Amino acid sequence: MIARGRRAILAANAREAVDSLRKASLRTILALVGVMIGISSVIAMVSVGEIAKEQARRQFEDLGTDILVIRDAAGSNASGIAFTDAMRLAETVPSIVEAAPRTSGYGAFRFSGRPVGQGSIQGVTRSFASVNGLSLREGRFVSDLDIDRQYCVIGHEVAEAMRAVRAGSLTGEVVEIDESLCTVVGVLDHKAESYALPVQVEANPSVFIPITTAQRLVQNSGVEVVVARSREGVHHEEAVDDVKSFFGGVSPDLDLDVITARELIAQMEAQMETFTLLLGAVGSISLVVGGIGIMNIMLVSVAERRTEIAIRRALGARRRDIRSQFLIESVILTMTGGALGVLLGLGATWTVCRFTGWAFLISWVSVASGLGTAAAVGLFFGLQPAHQASRLDPIAGLQGR
Amino acid sequence: MLRLTGIRRSFRVGPTTAEILKGVDLEIEAGEMVSIMGPSGSGKSTLMNIVGLLDRPTSGACLLDGRDVSGLRDDALSALRNRLIGFVFQSFHLLPHLTALENVGLPMVYRGNGRPEIRRRAQAVLERVGMADRTGHRPDQLSGGQKQRVAIARALVGDPALLLADEPTGALDADTAHDVLALLRQLNADGGTTMLVITHDPAVSARCRRQTHMRDGRLVEPAVVPSGGASRRSDDSPLPAKGHGHPRGLPE
């Protein structure tokens with residue numbers, strides 16, 4: 001009975017608070033904006049963080065986290081990695097399963113006398129496709145038996161351009177690569193480029209030829225990079241040490257640069273953490289500022305409504321009824337700001353996703369935490385004004401003092 | 001119904017204390033309509049605040065509805081105020097953003113009643129004061145006399161033991177003042193509501209059934225009671241018998 005009565009009083013307070021919010025002054029709306037910005041940055045922070053993590057997880061799931069990228073630290077043009085050493089890597093070092101060296105040049109492609117684009121000419125081995133997750137639309141990939149053969153596998157964009165010249169199957173056609181004729185043995189599927197990966201493959205506008213052929217046809221065709229995969233269960237640092245000691249044995253002067261996918265993930269996570277901290281700091285500061293704004297509005301409201309408070313007290317409102325009235329008002333105020341902030345934050349997240357090409361998803365954790373934070377801000381910053389309202393002297397208020 | 005004995009109230013003014021009430025004795029029976037007349041500064045508002053449970057006396061005893069209210073905590077006083085006292089103020093003191101119906105229902109809100117019950121009772125009491133056709137109006141859409149009728153309805157909605165009217169006609173023109181006083185007299189006569197009217201106006205005081213004077217912190221009652229039912233029997237009013245006799249308004 002008593003609890004029901006208390007609930008009825010709280011419900012009446014809430015109804016009045018919503019009512020007074022609808023007639024809110026500009027000043028109230030401005031205070032609300034403060035909370036809105038605070039909450040929206042909290043939402044954006046949590047959402048973008050979660051989406052980026054999810055994105056990274058997906059990318060590495062495609063390729064596996066066991067990738068090592070081996071480069072000459074002096075730069076790819078003066079690469080000291082010998083092709084024969086790179087080829088022996090997988091069979092000599094037990095912790096490495098596959099090693100795919102690559103040479104890389106640039107040239108124009110022609111088909112039936114018509115230009116069909118220009119792009120990189122990548123000299124690769126059979127393992128390159130599996131290590132980098134390339135899949136074939138037709139034909140086959142470069143094989144280890146294609147030594148010195150004028151065969152090529154073409155990327156999606158090049159294939160599209162060739163189909164525009166002549167429709168139909170492309171395997172068996174002859175394409176002119178920098179004035180050398182190569183027979184198409186395979187066509188790649190479209191490959192989404194992910195910049196988080198250790199090696200940029202840029203498969204779509206490229207042509208892949210056997211690495212031995214590339215050494216003959218393309219200038220500057222030292223081994224630019226070796227993409228290797230470590231054996232399952234081997235710690236990535238152990239694999240790095242093995243690779244370094246192998247190359248240290250065969251070419252002691254070589255300054256080797258080995259990056260692992262795990263290091264990249266760690267780097268990315270560190271970046272995310274900085275990003276999250278930054279947004280968190282901005283969010284917290286604006287929440288505090290917003291909360292102070294709310295407190296200010298509530299204090300003004302208490303001062304303006306001294307007579308109203310006194311009337312309510314005379315009619316039988318207890319101190320806690322007045323306190324709950326003003327607390328509910330401030331919580332409803334900040335929750336409204338919070339709800340708008342959630343929308344703004346999700347909008348910001350969506351924009352970030354659009355520009356980064358990440359998949360947008362609504363993080364319900366962030367929505368809940370945003371609204372929860374808003375309510376907490378309302379409670380915290382509303383406490384003092386509400387307390388002040390409840391302590392007003394009804395006699396003074398009734399006399400307009 | 002109400003018994004004040006030796007009520008004193010003093011206020012601190014800087015280093016000195018000013019005694020506003022210097023021992024007030026007053027007894028009001030259920031169903032009476034009593035006026036307290038006095039010039040401003042005589043202490044009548046201070047007395048009203050004490051009777052209305054908004055203030056505590058420095059010393060003296062105050063028995064309201066058979067209950068000693070001195071020494072009660074603030075929450076208990078609020079609950080008693082809600083159940084036993086109905087206020088009518090000079091400047092109406094309606095909440096401007098609420099309709100007449102919502103204003104009248106406000107005391108019931110703090111009693112914890114549900115909305116349908118509140119609306120029903122507010123509607124009924126607005127009908128009693130002749131404002132049934134103005135329930136949805138806000139105070140700024142009402143005339144002074146209408147506002148005071150709404151305020152009277154608000155004071156009556158909780159079926160109080162005592163209606164306290166502080167200069168109820170002070171902000172009204174003569175004709176409207178007459179009507180409002182007539183309404184109060186009628187509510188007293190028909191409904192048996194006990195009333196204490198505080199005024200500086202002899203004309204208002206004269207229309208109450210029993211008059212007292214406040215002078216310099218003391219209450220004096222003229223020996224001669226004018227005709228007009230000051231000795232009303234309390235048993236001819238139905239309300240005290242069924243409602244005011246048993247203990248109610250107990251603090252939660």
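Just so it is clear: chains get the letters A, B, ... in the order the sequence lines come, proteins before strands, and each one is counted from 1. It should be emphasised that the depicted structure is a prediction, and the values quoted were computed from it without experimental measurement.
Between A/Gly316 and B/Asn82 the shortest heavy-atom distance is CA-CB, 3.6 Å. The two residues B/Leu54 and A/Ala314 have their closest heavy-atom pair at CD2-CA, 4.1 Å. The shortest heavy-atom contact between B/Gly112 and A/Ala8 is O-CB, 3.6 Å. Contact between A/Ile9 and B/Tyr110 at its shortest, heavy atoms only, is CD1-O, 3.8 Å.
Other residues, nucleotides and ligands place no more than 12 heavy atoms under 6.0 Å from the CZ atom of B/Arg115. With a 6.0 Å radius and a threshold of 12 heavy atoms from other residues, nucleotides or ligands, B/Arg119 has its CZ atom at or below the threshold.
The residues A/Arg391 and B/Asp74 are annotated as not salt-bridged, no charged nitrogen and carboxylate oxygen being separated by less than 4.0 angstrom.
In this structure, chain A has a heavy atom under 4.5 Å from the side chain of B/Leu98, while its backbone stays farther away. In this structure, chain B has no heavy atom under 4.5 Å from any part of A/Arg305. Both the backbone and the side chain of B/Asp55 come within less than 4.5 Å of a heavy atom of chain A.
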Donor-acceptor list for residues 280-298 of chain A side chains, cut-off 3.5 Å, not counting sequence neighbours:
{"residue": "A/Ser284", "atom": "OG", "partner": "A/Gly280", "partner atom": "O", "Å": "2.6"}
{"residue": "A/Ser286", "atom": "OG", "partner": "A/Val282", "partner atom": "O", "Å": "2.8"}
{"residue": "A/Ser286", "atom": "OG", "partner": "A/Gly283", "partner atom": "O", "Å": "3.2"}

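Checked against B/Ser78 for a side-chain hydrogen bond (donor to acceptor under 3.5 Å, both in side chains), the options A/Arg312, A/Arg313, A/Arg318 give a single hit: A/Arg313.
Considering CD1 of A/Ile311 and CZ of B/Phe92, their distance stands at 12.0 Å, rounded to 0.5 Å. A distance of 4.5 Å separates CG in A/Leu315 from CZ in B/Arg154, rounded to the nearest 0.5 Å.
For the pair A/Leu398 and B/Asn49, the minimum side-chain heavy-atom distance is 4.5 Å or more. A heavy-atom distance below 4.5 Å is not found between the side chains of A/Glu16 and B/Glu102.
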